[in-house]
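Notes follow the structure.
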2 protein chains.
Amino acid sequence: MQVPPARRSNRERSDTTRQALLGAARALFVARGYAETATPDIVAAAGVTRGALYHHFEDKAALFRAVVAAEFEAVAADIAAAAPAAMDPVAALKSGGAAFLAAMQAEGRTRLLLLDAPAVLGRAGVDELDEARGGLNELQLGVEAAIAAGRFPVVPARPLALLLSSAFDRAALAVADGEAPATMQTVIEAVIDGLAADRTDPAGTVRL
Amino acid sequence: MQVPPARRSNRERSDTTRQALLGAARALFVARGYAETATPDIVAAAGVTRGALYHHFEDKAALFRAVVAAEFEAVAADIAAAAPAAMDPVAALKSGGAAFLAAMQAEGRTRLLLLDAPAVLGRAGVDELDEARGGLNELQLGVEAAIAAGRFPVVPARPLALLLSSAFDRAALAVADGEAPATMQTVIEAVIDGLAADRTDPAGTVRL
DNA sequence: ACTTGCATGCGTGCAGCCTGTATGTTATTT
DNA sequence: AAATAACATACAGGCTGCACGCATGCAAGT
């Protein structure tokens, strides 16, 4: 029997093709990297034409940006899903780090967010997307809380958050490359504990 | 008057064109990034033809790899030039970090080594070049020394070195983006001091 | 309700550029 | 003088972004 073009609203059509493009693009970007992935391959996998791609996205980089934005969203969601919330600031940083480490192990996530994204979108572009959905801001708030509670040394919160974020990223990369998660988690906690231990020193301990 | 082709040895010819290519490529990679730099532009700037480029380098990525390798070499040289050498392990890490931070401020170095290199050569490829000329190994040795001296917590040295290296990188990036070097240095020292402070705790201090 | 006009979603073809290689030419080494 | 290294030139294939064309959804007026 004939299939009458199944009258769909424009909104529906757009959404489905956008999703198809984003899905196909993500898979190929992960498998081959941004530079090695050609738009003809993407649209073939998505079952549409290049016309559709360039109708929905300004260019190949814009498509990539959309994929990365969705990925940040997913990371934030994964972390939020595992959030125990209210606890002391230092413990919160540690458990947040663990949650981040776990969330980043989703297939291809490290390549997408930590390898290709900075080169394609620039560091600033990545940070923008990251901050748009929690990420860095969340971490900075955690650092500020730890400082305010007197558990961390009094240093500029944003720069410290940047360094910690970078360390978390590298840890995620190491795990994705085969390093034991427990090992990286241990080292991360050593760094955080260090910052915290530092604090109690002048006031709460006596050095012999 | 005529310029007789000035008989030059093959070695000389190769060296000069290689240098011209590396120099021109570096400048363009820094100015526009790897992906946006075309080989025709590189050879035009170098005053040779694409034939020469593909005679000396397997492909565009190989040329980039050579540029990156030279840059790591330069970083190592800059750091070595500022090395005060023998001091206590923790102080050595701090001064090493400062030297690294300063060395990375050379024009375009952060873009080359921290943004494009990971995407083009892969994390493993970058680490390989880095280790080939000191870099990570140096840092790992420093960490091992601090641990051996009982100044750092007993954690796997390599992973900790990775995290610290990553933090240093991010600090260099921040400074290149306009952040005050003193600020980043302060934060880095806070992290290192934290790791060190941690250590004296069980043995050398009494917690009240 | 109908149709008229416009906007949206998408397919197709084209122009320009870029990479890598094959082939030719000149200079150097042996 | 033969062989080889250092380059120059020409070419093939592929990719990106845009211009254009077509069909369908949609909003308004009557």
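Note that this is a predicted model, so its numbers are computed, not measured. Reminder, nothing fancy here: chain letters follow the sequence lines and each chain counts from 1.
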Please write out each protein N/O paired with an N/O of nucleotides 5-7 of chain D under 3.5 Å, distance rounded to 0.1 Å.
unit_1 : atom_1 : unit_2  : atom_2 : d
D:dA6  : OP1    : B:Ser14 : OG     : 2.6
D:dA6  : OP2    : B:His55 : NE2    : 3.3
D:dA6  : O4'    : B:Arg13 : NH2    : 3.3
D:dC7  : OP2    : B:Thr17 : OG1    : 2.8
D:dC7  : OP2    : B:His56 : NE2    : 2.6

Is there a donor-acceptor contact under 3.5 Å from the side chain of B:Arg50 to the main chain of B:Pro40? no
Could you tell me whether a side-chain N or O of A:Tyr34 sits under 3.5 Å from a main-chain N or O of A:Ala61, the two making a donor and an acceptor? yes
If I take atom [atom1] in residue [X] and atom [atom2] in nucleotide [N], what distance separates them, rounded to the nearest angstrom?
X: A:Glu58; N: D:dA19; atom1: CD; atom2: P; answer: 12 Å
X: B:Asp59; N: C:dC18; atom1: CG; atom2: C1'; answer: 14 Å
X: B:Phe57; N: C:dT21; atom1: CZ; atom2: C1'; answer: 18 Å
X: B:Tyr54; N: C:dG20; atom1: OH; atom2: P; answer: 4 Å

What class does the angle between the rings of B:Phe64 and B:Phe29 fall in, given that below 30° is parallel, 30 to 60° is tilted and above 60° is perpendicular? perpendicular
Determine whether a donor-acceptor pair (one donor, one acceptor, N or O, separation below 3.5 Å) exists between the side chain of A:Arg50 and the base of C:dG11. no
Can you measure from [atom1] ([X]) to [atom2] ([Y]) and round to the nearest 0.5 angstrom?
X: A:Asp88; Y: A:Arg151; atom1: CG; atom2: CZ; value: 4.5 Å
X: A:Asp130; Y: A:Arg123; atom1: CG; atom2: CZ; value: 8.5 Å
X: A:Leu53; Y: A:Arg18; atom1: CG; atom2: CZ; value: 10.5 Å

Of B:Lys60 and B:Ser9, the one whose nearest nucleotide on DNA chain C sits closer to the 5' end is B:Lys60
Identify, residue by residue, the members of residues 20-45 of chain B with a heavy atom below 4.0 Å from DNA chain C, and return them in order of residue number, or none. B:Thr37, B:Ala38, B:Thr39, B:Pro40
A:Met87 versus A:Ser95: any side-chain heavy-atom pair under 4.5 Å? yes
Does the salt bridge (Lys or Arg N to Asp or Glu O under 4.0 Å) test come out yes or no for A:Arg109 and A:Asp78, once each step is laid out? CA-CA 12 Å; A:Arg109 212 162 257 185; A:Asp78 284 5; 3.0 Å; yes
